[in-house]
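A quick write-up on the structure given underneath.
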Amino acid sequence: MKRVGAARWAIRAGAVALAMGVAGCAPKPLPESGSAAELLYAGRCGQCHRPYNPRTLTAAMWDLQVDAMQLKIAQAGQAPLSAAERRTIIGYLERNAGHD
Ligand code: HEC
């Protein structure tokens, strides 16, 4: 009987942790919310996964990441980022990037 009680407690603790995790992921507004750059970023970079907050990577890492994503975009058959789109997105990410 004791074991059943423990299992039930573990399930309840798991449910609480899950609920907290979900609440922790509530979408936070991106920087420069509503600007042309933010809308382009969220539109182009939020189709396959949520648009990551620029704070989560450094400027140098964004540079590499956007190049890696060009490949994903091509593989998915989406239109590649134009030079102007890439400049706007990189500029937006770098202005708001995190620091080491
Ligand atoms: C066509 C779908 C697609 C689009 C559009 C896309 N991504 Fe991705 N992205 C992926 C996939 C798939 C992964 C998972 C990692 C992998 O497979 O390399 C990923 C991973 C990432 C990661 C790494 C997350 C991690 O935890 O390591 C970042 C950051 C990222 N993408 C940023 C961007 C940015 C910035 C753009 C816009 C330029 C973008 N993505 C557009 C498909 C996409």
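Any value given below was found using the heavy atoms of this structure, including those in side chains, with hydrogens, waters and symmetry copies removed. Keep in mind that what you see is a predicted model, and the values were worked out from it rather than measured. Start at 1 and go down the list; that is how both ligands and their atoms are numbered. Sequence positions, counted from 1, serve as the residue numbers for this chain.
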Determine, counting only non-hydrogen atoms of the protein, whether one lies under 4.0 angstrom from [atom].
atom                    : answer
atom 2 (C) of ligand 1  : yes
atom 21 (C) of ligand 1 : yes
atom 15 (C) of ligand 1 : no
atom 40 (N) of ligand 1 : yes

Could you see if [X] belongs to whatever hydrophobic cluster contains [Y]? Use Ile, Leu, Val, Met, Phe, Trp, Tyr and a side-chain cutoff under 4.5 Å.
X     : Y     : result
Met69 : Leu57 : no
Leu39 : Trp62 : no
Leu64 : Leu93 : no

If you count every protein N, O or S atom closer than 2.8 Å to atom 8 (Fe) of ligand 1, you should arrive at 2

Is there a side-chain contact between Val66 and Cys45 (heavy atoms, below 4.5 Å)?
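Val66 does not reach Cys45 side chain to side chain.
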
Side chain, backbone, both or neither: Gln70 near ligand 1, heavy atoms under 4.0 Å
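Under 4.0 Å from ligand 1, Gln70 contributes no heavy atoms.
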
Are Arg86 and Asp67 within salt-bridge range, i.e. N to O under 4.0 Å?
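Yes.
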
According to salt bridge (charged side-chain N to carboxylate O under 4.0 Å, His left out), does anything in residues 50-61 pair up with another residue at least two apart or in another chain? List the pairs.
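Qualifying pairs, neighbours excluded: none.
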
Just jot down the ligand 1 atoms closer than 4.0 angstrom to any heavy atom of Arg44, in number order.
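Under 4.0 Å from Arg44, ligand 1 has these atoms: 5 (C), 41 (C).
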
Within the 4.0 Å heavy-atom shell around Ala76, which atoms of ligand 1 are there?
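Result: 1 (C).
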
Atom of Ala59, atom of Glu94 and distance for their closest heavy-atom approach:
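Result for this residue pair: O-OE2, 3.5 Å.
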
From His99 NE2 over to Thr58 OG1, what is the distance, rounded to the nearest 0.5 angstrom?
9.5 Å

Do the ring planes of Tyr92 and Tyr41 sit parallel (below 30°), tilted (30 to 60°) or perpendicular (above 60°)?
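It falls in the tilted class, 30° to 60°.
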
